[in-house]
Amino acid sequence: MDQNTLVQLLQGTITDQSNALEQLKQLLDIDPQQCALLLPIVFGQVVQTDEKLRILLLNFFTRILLKIDVFYDQVRFPVMAGCLEAMCYLLQDESIHVQKQLVQSVTVCLGPILYVFNTTQPQPEHEPYWQLLNALKTRMDGYFDHPNQGVKILAVRCLQKIVQLQSSRLQDDEPGLEDVPMDHPYIQISQLQIECTSVLNRLLAFLANTRLFYCTPTFVCAVMNSVYEIIKTRPQFAYPCIESFLKLDQAQSFLEQIRELALEYGAKSNELQRKRSQVQEDPQKRQKIDNELEADILEALIANLQHLPLDLLVDATVQTMLSYDQHVWDQELKKYLAKQLGQKVDSIEKSFVRDFVPEKIVDVDKIIKEPQQLQPEMIPSRVKSTMDRILQMGQFFEVAQSINNPAKIIANTQDTLVASRFGWMLLTVRVVGRSPFSDNLKQQLIQYCCSDFKSRMDMLLLWLHEESYQDLIAKSGQYEQWTLLSMDLLRNGSQDIPPLEDERLSEMGTNVLKDMIVYRPGARKQALDLLLQFSQSEDDKLRTASVECLMTFVPEHKIASSIVDQALLILKSLELEKLERQTHLFLSCMEKNQQLLQHLFEHYSQMDTLIQEQIQQLVIPKLLVEQVDTILDIIDQFPPGSENLALECLKSLSQKEVSQKVLERTKQLYLSKDLDYRFLSLVVHLFEKQILDHIPKLVNALSNDNEKEISSVFERLVDTREQDEGHALLTAPQLIVWLHQMEDLQRSMECINLLFSIHSIKQEQWAIAIGQMSDQKKLPLLLMRTIIQVCKQFPGIVSFAMKTLMRLIDKRIWKQPKLWDGFILCMTFPSSIGVILSLHPNQGIEVFQRSPQLPPAVEDYTTFTTLG
C-alpha cells in the first residue's frame, strides 16, 4: 500500500476507512517498517467527526503499541509518541463509546508505553511526551467519578494497572517499578511510588464509603475485584486492602474467607483478631426489632437527620413506615416527646394536647382517637388522594418568579430548593416503587411527570432508575413495561417533547430520544417512532433536529433500514405544498447512501409535473461528487418517464470537477438509448468528425420552446474562443453552409435565423460562407435570402455581397427562377446599380419592370455620376 492509496481510502466511506486500517494491520505483520512510514497519515485521522472511525483508530493504535518491539529502535519512540498524542487528543471526545474505548486502550497500552520510555535512550525532546502520559493518567483517575457506570468500571481497571506498573513486582518476568533506570533524567521513581500510593488509597477509601448515592453493586464489585487483583500481584499491599474489605457493610458474612485471605498474604493472627472484634457485634448490645420500634432508634434517627446520608435516611424512613403499625408509632412518639419535655409518658397526651391544640378543646379523648379501620373498597381512593397530596408538594420547591409570589414553607434560595426538591423526589419515587399499591401509584407518577415534562423530566428519570434497580433485584421484567408506558404518554399527550419554542431544547429532546434508542432497547421502537414522526413536523427546528438525530444511525445501524423504509414510503404520497418537509428525511438519507437515488427514479414518473420540477431542484444539491460512479450507474438504468431527472443530474455533475467522466458516460448513454436532443446538447462536442451527423437531431427538435437551448448549442460549436484554443470541431461557415443544404427549407430558415442571434458569428464568417455557397455548382435556394439578411444586419458587408452577385451573373442566375427572384430583391440596395448595368439588356429591363423603386434610384445615380 502506498501513501496515495491510503489517503484515498481514509477519505472515503466508513467501509473504505475500515478496509484501509485492516490492510495496515496486515502490513504491520508483514513489513512493520513500511507500516511505520504510513503511520503519520493515520495519526492525523483522529480529528475526523465519525465516531466509528475514531473507535477503529483506537483499536489500531492499541495493536501497534502491543507490537511495539517489532519496530527498529530508531522508529520505536516516534511510533509510540504518535499513538500517545492521538490518544491525548481524544481525551476531549464527548462520545461515551469513544471514551470507553479510550480507557480500554490506555489500560492495555500503558505497559508498552512505559517499556518504550524505559528502554529508549533519553533525549530532551522526549520529556514533553512523558508529561502527556502523566496528563493521560490524570484523566483516567478523573474518570473514576464519571457519570457513566461503564466508563467508571473501565477506569477502575486502569487504576489497577497503574498501581501494578508503578510498584515493585513479584516475579521477574512481569513489568514493574524495577524497569525504570535509576538515573533517568525526567522519570522520578519516587514520584511514581507516590502516584501508586495515591491511586491505591483512592480505591480503598471508596470501599470504606460504599453508601454514596451513585454507587451500584456492579461498580462496588468492580472495585473489589481490582483490589483483589492488586493483592494477588502485589502482596506488599495486602494488609491495607484486606483491612478495607473488613470495613465493608457485607463483611459479616465473609469474615472467615477474609481471615484466610489475610493470613495467606502475611497478616498476623493477633492483628486480624483485633480488627475482627471491631466489626463484630456484641450479642448483649444487639437491638431487638420485632413488633415494636425501640425509642432509642427513633431518637437516633431524628437527632441525626442532618448528619445521615440522604439515601440512607430515605431508605430507613420508607422501610420503617412500611414495617410497623400506626399504634407503634404513636407509642414511640409519646416516649420520645416525654424524654424531650422531661415528663412522664402517662402525662404526655394532655401535655401534647395543651401545647398543640387550642385551649377551648378540653375533651382529649375526642382529639386523640384510635385509627379508623378502612374498608377494603376505600383503600384505593385514600391511596390516590394521599399520593396527590405528596405530588402537590412539588409547588413548594419552585423558585419564586417575583416578590409578589414568594415560595412557601421552604426558603427561597436556589441551593436550598434544589436540595429539598431532590429529597422530596427521592422519597416519593421510593415510596411509589416499594408500596403494596405501586402499580396505581406508578401510573399517577407517570401522568404527573408527563403533564409538565420540561420541568419534571428529572423526577421521571430518577423514578425509571429506581425501577431499573428494583427490576434488577426482583427480576420482575416490569421496568420495560413502565418505560414503554411513559413513552406512549409522552407521544400522545405531551406538548413539551421537544419544546418547539426553543431551538436548543428541541435538540435536547431529540437527543434524549436518540440516547433511548442506543441505550434502551426496550424503548427503541417507541423512541424511533417519535423521531420519525417529528421528522415530518411543520416546525423547521424540530424537523431538522429530528432528522439529524436519525442520520446518526444511517447507513450502518440495525435500525437504518426502518428509517429508510419510512423515507421511501413518504415518496409515494408527496404533496406540492408539503414537499420540502416530506422529502427532508429521504434527501438526508440519500446524502448518506446515494444508492437511494434509484428509488427516486422509480417513483419519479408517477409524480405530478410540478412536483417533478421541485424534486429536481431539491435533489441536485444532494449529489456527491465522491460517489459519482454510483450515481452514473443508477442514471444508466433510469426507467422511462424519468428522463428529465436524469438530464438535470447529468447537467449538474458535468459542471463539477468530474465533468470529463460524466460527459463520457453521457455520450455512451445517449448512443445506447438513442436519447433526445437535450442529452445530445451536453455531449455534441465530443463526436469530433461525426458531429455533422448528429446536428439533424438538434434541427428537427427546434421549436418555440427550445430556441434558446438549441441556439446555445450552436454557439458552443462555433465559439471563436474555442477555435483559437484548438478545441472547436466545427467552424461557423461550415455550419452556415450545412444548414443551407437542408432539404426542409422551413427548418433551414428557422435555424439560419437562430444563427443571426449568435453574436459570436461575425460578418467575416458570414462573408466566407456566402463566398463558399456562391462557388457551388448548385446554388442553395436560400442563398439570396441570406445575403439580404446579412446586408441588413452587417452594412459593411454590402460591397462584398454586390461582388458576389456580379459573379452570379456569369452563372446565368436568371435561369433559376427562385434564385432570380431573390436576386431582383437584392437590387434595392443603392450600390446595386453597377450590378444592374452588368446584366444583359433583357434581364436589366426585367429588373426595372419588377422593381418600381429602381428608376428614381438610377436617375439619382446618373446625376451624381455626371456631376462627379
Side-chain angles (χ1 to χ4, degrees), residues 13-14 48-52 93-97 453-454 457 487 490-492 494-520 523-557 559-597 599-600 603 611 613-627 652:
T13 63
I14 185 66
Q48 296 293 332
T49 57
D50 190 277
E51 175 184 290
K52 294 183 179 179
D93 202 297
E94 296 181 355
S95 169
I96 293 296
H97 302 293
F453 181 80
K454 185 166 59 177
M457 178 177 65
M487 294 297 300
L490 289 175
R491 178 174 56 185
N492 298 328
S494 175
Q495 299 302 317
D496 290 330
I497 298 288
L500 304 181
E501 69 278 5
D502 189 322
E503 180 178 1
R504 180 58 182 162
L505 291 179
S506 296
E507 294 178 2
M508 292 173 60
T510 52
N511 285 332
V512 168
L513 295 176
K514 183 183 75 171
D515 290 342
M516 295 193 72
I517 292 175
V518 175
Y519 302 113
R520 294 291 183 266
R524 178 173 293 162
K525 185 179 184 303
Q526 285 73 14
L528 177 59
D529 290 343
L530 276 174
L531 280 178
L532 290 174
Q533 176 184 337
F534 293 149
S535 70
Q536 300 301 308
S537 172
E538 296 181 0
D539 185 274
D540 293 340
K541 296 177 182 178
L542 174 58
R543 183 177 66 252
T544 301
S546 301
V547 171
E548 288 177 353
C549 284
L550 290 170
M551 287 308 100
T552 60
F553 302 108
V554 177
E556 297 183 355
H557 196 275
I559 67 170
S561 58
S562 300
I563 298 172
V564 173
D565 290 343
Q566 178 65 22
L568 295 178
L569 183 63
I570 298 172
L571 284 182
K572 299 180 180 179
S573 56
L574 297 178
E575 301 177 31
L576 183 60
E577 59 275 9
K578 303 177 182 178
L579 188 62
E580 185 173 356
R581 65 181 175 87
Q582 286 180 326
T583 57
H584 192 165
L585 178 61
F586 172 80
L587 295 176
S588 299
C589 291
M590 199 185 81
E591 279 190 292
K592 295 281 189 174
N593 182 9
Q594 298 280 282
Q595 286 285 355
L596 295 179
L597 181 62
H599 295 279
L600 183 60
H603 292 90
I611 293 181
E613 295 176 357
Q614 293 294 322
I615 284 289
Q616 294 173 18
Q617 299 178 11
L618 294 172
V619 168
I620 297 305
K622 304 299 181 180
L623 300 178
L624 302 181
V625 175
E626 296 81 3
Q627 300 188 35
S652 174

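In this chain, residues are counted from 1 in sequence order.
Here the straight-line distance linking atom CD of Gln627 with atom CE of Met590 works out to 9.5 Å at 0.5 Å rounding. Considering CG of Leu531 and CG of Leu513, their distance stands at 4.5 Å, rounded to 0.5 Å. Here the CD-OG1 distance, from Gln536 to Thr583, works out to 8.5 Å after rounding to the nearest 0.5 Å. Considering CD of Gln533 and CD of Gln566, their distance stands at 10.5 Å, rounded to 0.5 Å. Summarising the geometry, atom OG belonging to Ser652 is positioned 11.5 Å from atom CD belonging to Gln616; distances are rounded to the nearest 0.5 Å.
In terms of heavy-atom proximity, Ala560 sits nearest to Pro555 at CB-O, 3.6 Å. When all heavy atoms of Met516 and Ala527 are compared, the pair lying nearest together is CB-CB, 4.2 Å. Shown here for Ile611 and Leu574, the closest heavy-atom pair between the two residues is CD1-O, 3.7 Å. What you find for Lys592 and Val554 is that their closest heavy atoms are CD-O, 3.6 Å.
Every residue meeting the side-chain contact (heavy atoms from CB on, under 4.5 Å) condition with Asp515, not counting sequence neighbours, appears here in chain and number order: Tyr519. Every residue was checked against the salt bridge (charged side-chain N to carboxylate O under 4.0 Å, His left out) condition with Arg524, not counting sequence neighbours, and none meets it. In this view, His584 and Arg543 satisfy the side chain to side chain donor-acceptor pair (under 3.5 Å) rule, not counting sequence neighbours. Under the salt bridge (charged side-chain N to carboxylate O under 4.0 Å, His left out) criterion, Glu591 pairs with Lys622, sequence neighbours left out. For Gln614, the side-chain contact (heavy atoms from CB on, under 4.5 Å) partners are Leu576, Leu579, Gln617, not counting sequence neighbours.
Residue pairs meeting the salt bridge (Lys or Arg N to Asp or Glu O under 4.0 Å) criterion with at least one partner in residues 565-576, sequence neighbours excluded, are Glu575-Lys578.
A 4.5 Å side-chain heavy-atom check between Leu528 and Ile563 finds at least one atom pair inside the cut-off. Side-chain contact between Arg581 and Asp540 is absent, with no heavy-atom pair separated by less than 4.5 Å.
Checked by atom type and distance alone, the side chain of Thr552 pairs as donor or acceptor with a backbone atom of Cys549 at under 3.5 Å. A donor-acceptor contact shorter than 3.5 Å links the side chain of Gln594 to the backbone of Leu624.
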Self-check item: side chain to side chain contact (heavy atoms under 4.5 Å, CB included) assessment of Ile570 paired with Phe586
Solution: CA-CA 8 Å; Ile570 298 172; Phe586 172 80; over 6 Å; no
